[in-house]
Amino acid sequence: MQVTPIIGLEVHVELNTKSKMFCACSASHFQAEPNTHTCPVCLGLPGALPVPNKTAIDYCIKLGLALNCQINNISFFERKHYFYPDLPKGYQITQALKPFCINGYLEIEDQKIRINRAHMEEDAGKNIHENGQTKVDFNRAGVPLVEIVSEPDIHSAEIAKKYLIRMQQTVRYLGISDADIEKGSMRCEPTINLKIEENGKTFYTPLVEIKNIAGLSGVLDAINYEITRQTQEFKETRQEKNNPPAGGKTTRGWNADKKETFIQRNKEGSADYRYFPEPDIPPFENLEYDKNLPELPSDKIKKYLAWGISPIDAEALVDDQNFAQCFQKAVDKNIDLAKSIANLFLGPLKINLEIEKINPIFFKNLIKALDQKQISSTVAKQVILESYQTQQDPLDIAQNKNLLQVSDTNKIEEIAQKVISDNPKAVEDYTKNPNSIGFLVGQVMKASSGSANPQLAKEILQKLLK
Amino acid sequence: MVILQPKQSSTKMDNKLNAFITIVDKVSPGIPIAIKDNICTKGIKTTAGSNVLKDFIPPYNATLVEKLLDNGYSIIGKTNLDAFAHGSSTENSDFGVTHNPYDFDYLPGGSSGGSAAAVGAGLVDVAIGTETAGSIRQPSAWCGVVGLKPTYGAVSRYGVIAMASSMDCPGVIANNVTNAAKVLEVISGNDLHDATSSDCPPYVFKKLNLSELKIGIPTSYLKVCTPEVLAKFEEVKKTFQKLGHQVVQIEMMDPSIAVAVYTILQRSEVSSNLARFDGIRYGATRDNFNLENQRRILLGTHTLSAGFYDAYYTKAQKVRNLIALDFKKKFEEEKIDLIISPTTPTVAQKIGSSLNDPLFGELADQLVEPSTLAGLPGMSIPCGFVGKLPVGFQIIGPRFSENLIINLALQYEKFK
Amino acid sequence: MNIDLDKLSKLANLPIKKNDQILKDLQSISHHFDILQKINTDDIEPLYQVNGLKNVYRQDIVQKTPPIKDGYFTTKAVINKNG
C-alpha cells in the first residue's frame, strides 16, 4: 500500500496596519484591556457601517504580487453569514467570488506551490470559555487579515514547514505583518487527505480540515498525526472521499496536550454561509497599486546559489531580511568573495546587525588577507566582529594585536619546541597515533594567539617529532 | 396651520395619535424636529419599533442627526414605525399602532407612520423618515403631508438601523415643500462614515423658473388605482398643463415586477442586517422579533441559501437593472424631465386591515417601489381629499434631480 | 418547491415552532419567483449598487472612541463553532 499525503494550507496573516479593516479603532489588540479598542462599527451596533482601510488593501495586493498572483481588475467584498458570539454582525465581511489576488505560486527549493487566492477579510473577536459562560472581547474584531489559500500541492509535513517558513519570511520582508505564528499573527489551517494506491487501484480518503492549531510545530505534528490516523482509518473502514454518509469534508481540532486531532461537533451537512456582495461597500475596479517589491527571499536564494553558496547556507542567510541585506552590502561587487563572506556572517556575525556599520572594504581586505595567508581563519573570525563593533579595518586590529599570521618557520619552530616540552603526554599519544597531532597543533595556535599558520605548525611539529 | 405643542408627558397614553415612542423631556432650543425611531440618537432610546431594542440607548448619533443638531434643530421625540421598518401601516410596531390624524380609525401608512402622523397632526413641522420601498412617500400621502425621499446616497445612512442596505434612504416629511427642502439642505452630503454616500456636497436649493417641462405619466401605474384617487390625480395633471408643461403618457414596466424584485432583495438583505441582533452586546434575544420580522428573516435566509441564491437573489438584481434602465431610457432617450403619478393606489386603509392581508404592503407600495429600486429621488405632495382622507401624488426624477422636483412641487403648491 | 423549515430556522438562528402559516408564507414567495423567471435577463448584469460608486476607502488613521463597556461581554457558553 502506497500512501501519498495531499495537503493544502490556508494561512491567515494579521496585517500591522494602524487602524482596523473597516473602522478607525486601533488594530494593535495584543494584550490590551478587553473591549477598549471598539466602536459602533466593529461592535456591530445598529446603524454602523464599514469603510475599508486603503493601506490594508495595498498590503494585500503587495502580498499577492510577491506571490506571483494576478490582481483582479474587478474585486469586491462579500458577507459570509454564521452565528457565533465573537462575530458581532452575524456575518464576516470577506471576499469570495472576486478576491483581490488569484493564481500565484510560492517557490520553495525546487518546488512551486500554487496559490489559489489571497484575499482580504476582517478578524473576529476572542471568546474565552469559563465556568459555563463565554466571555467575549472585541478588540480583535475587525482587524485586517489576508487569507492565502494554496492548492493541495504539498505532500509532506516537511514541505508544509518549508512553505510556512517561506510565507512568513515573504510577509516579513514586505513589512506588512510580524507574522508571528506563536503569537497568532500568522495562523495556519491544513486540509489533508491521502491518496492510497493498492493493487493497481487508487483511493482517496475524505478531506479533513484541522483548525485551532497554535505554533509551527503544532502544525507539523497535527499533519503527521492526521496522516497516520487517516491511513489507519482507511485500513479499518475503507471510507472514500465524496462517498456518503461519511465522505464529506470534516473539521477536526488539534489537542496540543494529547497531540491528537478530534472531531469538532458538526452540524449535519456543510455550512451554508449565504454569501452575497457586501452592499455597504462599493466594488473596486482598476485600482492603482504600487508594483515595486523588495528583493524577496526566493530571489535572494537564487542569487546566492549562483554565487556558489550552499542551499543550507542560503536559507540561513535569508531568514532575516536585514541580515541578508547586510550580507549583500558586505559582498558588494566582490561576488568571488561571497562564499567566504557568508562563512563570516553565519559564524561570528550571526547577531543583530546594523546595516550602516557594514563596510564592504573591510570584508574585501580581510578575505584577500586570508587568501594570501597573512591571517589565519581563526583570527579572521575574531577580528571581523571587533571590526564591526569598532568600525576599524580588521587588518589594523590584527596588526595591533600581533595576530598577523606568523609564517616565519623559525618563530613557529620556537613555539613548537616549547609546546613539545610542555606536553609530554600528548607527544607520547602522537607516537602511538599520528592522527592525534591535532592537539599539539592546537597548542601551538593557542600559544601564538591564533596567529601561527596552522599548516606550517603541523609540518614543523611533525618534523620535530620524527 | 396651527402648531400644537408636543405633549411633554412621557406616557403615550395621553397621545391618542400614538405618533411617538419617546418624547424628549427637556427639549433644547431650536427648530423642533421628530426623528423616526430607527435612527440612532445618542442618549435617547432608539427602539426601531421593536421589543428587541426596547431598552437600547445608542452611544452615538447618526450622521444626519449630528448635522441637524449642528444646524439649529432640536429633537423633540422619536416616532413610531413598523418594527424594523417592516411594513406599510405602522400597525406592525411592537409599541401599538399610530392613528391617521385625519381619521383615527384609519392607518397612517408606514413604515414612517409616526413621523407622517406627527407632521399631519401639526405636532411638528418637520420629521425625519426612512424609505426602502415607499416608507416616506406612502405615509406622507395617507397623512396629507409632503414626503421627500432623496436620491440613494444623497443622505448618509450611518446611524440608520439598516433594513435593505442597497435601498435605504433617510428623508424628510414636512408640512410644506419649502421646509422639506430646508431640512434636505442640512442632512444631505457626502459622509466619510458611509462608503455608499455619494461623492457630492450637500443639496442647495436654487430657484428655477420652470416652463414647458415634459412630464410623463406611466400608464401601467394608473391601472391599479381606485377611481377616486384617479379623479384627484386628473386634477393634478390639469394643473401642470395649466402651468404650461407638456404632460404625456409613457409606457413603463409593470409595477408588479418591481414588487417581486423588491420583495426578494429586501428580504435577503434584511435577513443579513438583522443577524447582528443576538442579545449579547445590546438588545434582547432573537425570540423577541415579531411575526412579520420572523417571516422576513426566514424568507430572506431562504432566498440567499445555496441552491436558491442564483434563481432568486441574482435574478432579482438583474431585473432590478432592467428597472433602472427603464427609467434611464425615459429620462435620457425619451427626454422626459420628470415622472408623476398617484403616490398610492388607494387612500388610507382602516386600522386592522394590514393584519389580515398578506399582500397589504405590496399593494400599497407598488407605485413607489420601482423608483426606490433604481435609487431615484421622489417626492409626495398632497393634492386633495377623498372624503376625510388625504390623497397624494408623487414626482420622480433622475438621480440628483431634487432641485428640479422641489421647484416643480413649489410651483404646484403655489398654484393651489 | 422544497422548503426545509428546520434548516432555515437553524441558519437564521430563529427558534420557531413549525407551523403551517409560516410554511405558507414562505411558499408564497414562489409567485414572485415566477414573475421574474419570465423576464429575459440574458445580457444583463446584476445591479448590486445603484450609485455607480467605485474604489471607496479611508486612510489608515486611528481615532479613539470611548469604550462602550468595561471588560468582557458575557453570554452562556457555546460549544462548537459553526464556521
Side-chain angles (χ1 to χ4, degrees), chain A residues 21-24 34-35 38-54 57 76-93 96-97 124-125 127 133-138 141 269-284, chain B residues 38-41 46-48 50 52-53 56 58-63 65 84 153 156-162 164-168 191-197 199 265 268-269 271-283 286 300-309 313-314 317:
Chain A
M21 185 67 221
F22 297 113
C23 66
N35 292 309
T38 57
C39 74
V41 178
C42 54
L43 275 179
L45 291 199
L49 294 172
V51 185
N53 180 331
K54 173 149 212 302
I57 295 173
F76 53 84
F77 285 100
E78 299 201 45
R79 293 186 183 180
K80 175 184 182 183
H81 301 83
Y82 62 93
F83 288 94
Y84 204 61
D86 63 7
L87 196 66
K89 297 186 289 293
Y91 57 85
Q92 178 197 34
I93 300 179
L97 269 180
N127 284 333
Q133 268 198 326
T134 294
K135 291 169 27 169
V136 199
D137 171 17
F138 292 99
S270 54
D272 181 356
Y273 295 116
R274 287 153 286 135
Y275 287 95
F276 74 96
E278 172 56 82
D280 291 332
I281 302 175
F284 297 89
Chain B
N38 64 348
I39 298 173
C40 288
T41 41
T46 300
T47 67
S50 168
V52 171
L53 289 179
F56 177 62
Y60 76 109
N61 274 322
T63 298
V65 170
F84 287 104
S156 167
R157 287 184 301 117
Y158 184 70
V160 177
I161 299 178
S165 316
S166 71
M167 299 172 229
D168 293 343
D191 179 20
L192 295 176
H193 283 114
D194 177 355
T196 61
S197 80
D199 195 6
L265 294 181
S268 305
E269 294 190 22
S271 72
S272 176
N273 285 324
L274 264 45
R276 66 187 62 196
F277 298 100
D278 56 13
I280 295 175
R281 288 148 288 125
Y282 51 82
R286 291 173 80 71
T301 305
H302 173 61
T303 51
L304 286 177
S305 61
F308 294 97
Y309 174 75
Y313 188 79
T314 310
Q317 290 286 24

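Chain naming here is simple, since letters A, B, ... match the order of the sequence lines and numbering starts at 1 in each. Computed from a predicted model, the values in this text were never measured in an experiment.
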Side chain A:Q92, main chain A:A124, donor-acceptor under 3.5 Å: no
At a heavy-atom separation under 4.5 Å, does [X] approach chain A through its side chain, its backbone, both, or neither?
X	result
B:Y158	both
B:N38	neither
B:L192	backbone
B:A62	neither
B:R157	both
B:T46	neither
B:I161	both

Look at the aromatic rings of B:H302 and B:F308 and report parallel, tilted or perpendicular, splitting at 30° and 60°. tilted
Taking the inter-plane angle between the rings of B:Y313 and B:Y309 on a 0 to 90° scale, is it parallel (under 30°), tilted (30 to 60°) or perpendicular (over 60°)? parallel
Without hydrogens or angle criteria, can the side chains of B:T303 and B:S268 be said to hold a donor-acceptor pair below 3.5 Å? yes
So which residue, A:V51, A:L87, A:N35, A:V136, ends up with the most heavy-atom pairs under 4.5 Å with chain B? A:V51
Quick check for you: among A:I281, A:D280, A:T134, which has the greatest number of heavy-atom pairs under 4.5 Å with chain B? A:D280
Less than 6.0 angstrom separating the ring centers of B:F84 and B:F277, yes or no? yes
What's the spacing between [X] [atom1] and [Y] [atom2] if we round to 0.5 Å?
X	Y	atom1	atom2	result
B:R281	A:L43	CZ	CG	7.0 Å
A:H81	A:K89	NE2	NZ	10.5 Å
B:S271	B:L304	OG	CG	4.5 Å

Answer with side chain, backbone, both or neither: which region of A:P40 has an atom nearer than 4.5 Å to a non-hydrogen atom of chain B? side chain
Could you look at A:F138 and say if it's the side chain, the backbone, both or neither that has a heavy atom under 4.5 Å from chain B? side chain
In terms of heavy-atom pairs under 4.5 Å, which option from [options] contacts chain A the most?
options	value
B:I280, B:N273, B:D278	B:N273
B:S272, B:S305, B:G159, B:A306	B:S272
B:E269, B:Q317, B:R276, B:H193	B:R276

Apply side-chain contact (heavy atoms from CB on, under 4.5 Å) to residues A:F77 and A:M21 and explain how you reach the verdict. CA-CA 12 Å; A:F77 285 100; A:M21 185 67 221; 3.9 Å; yes
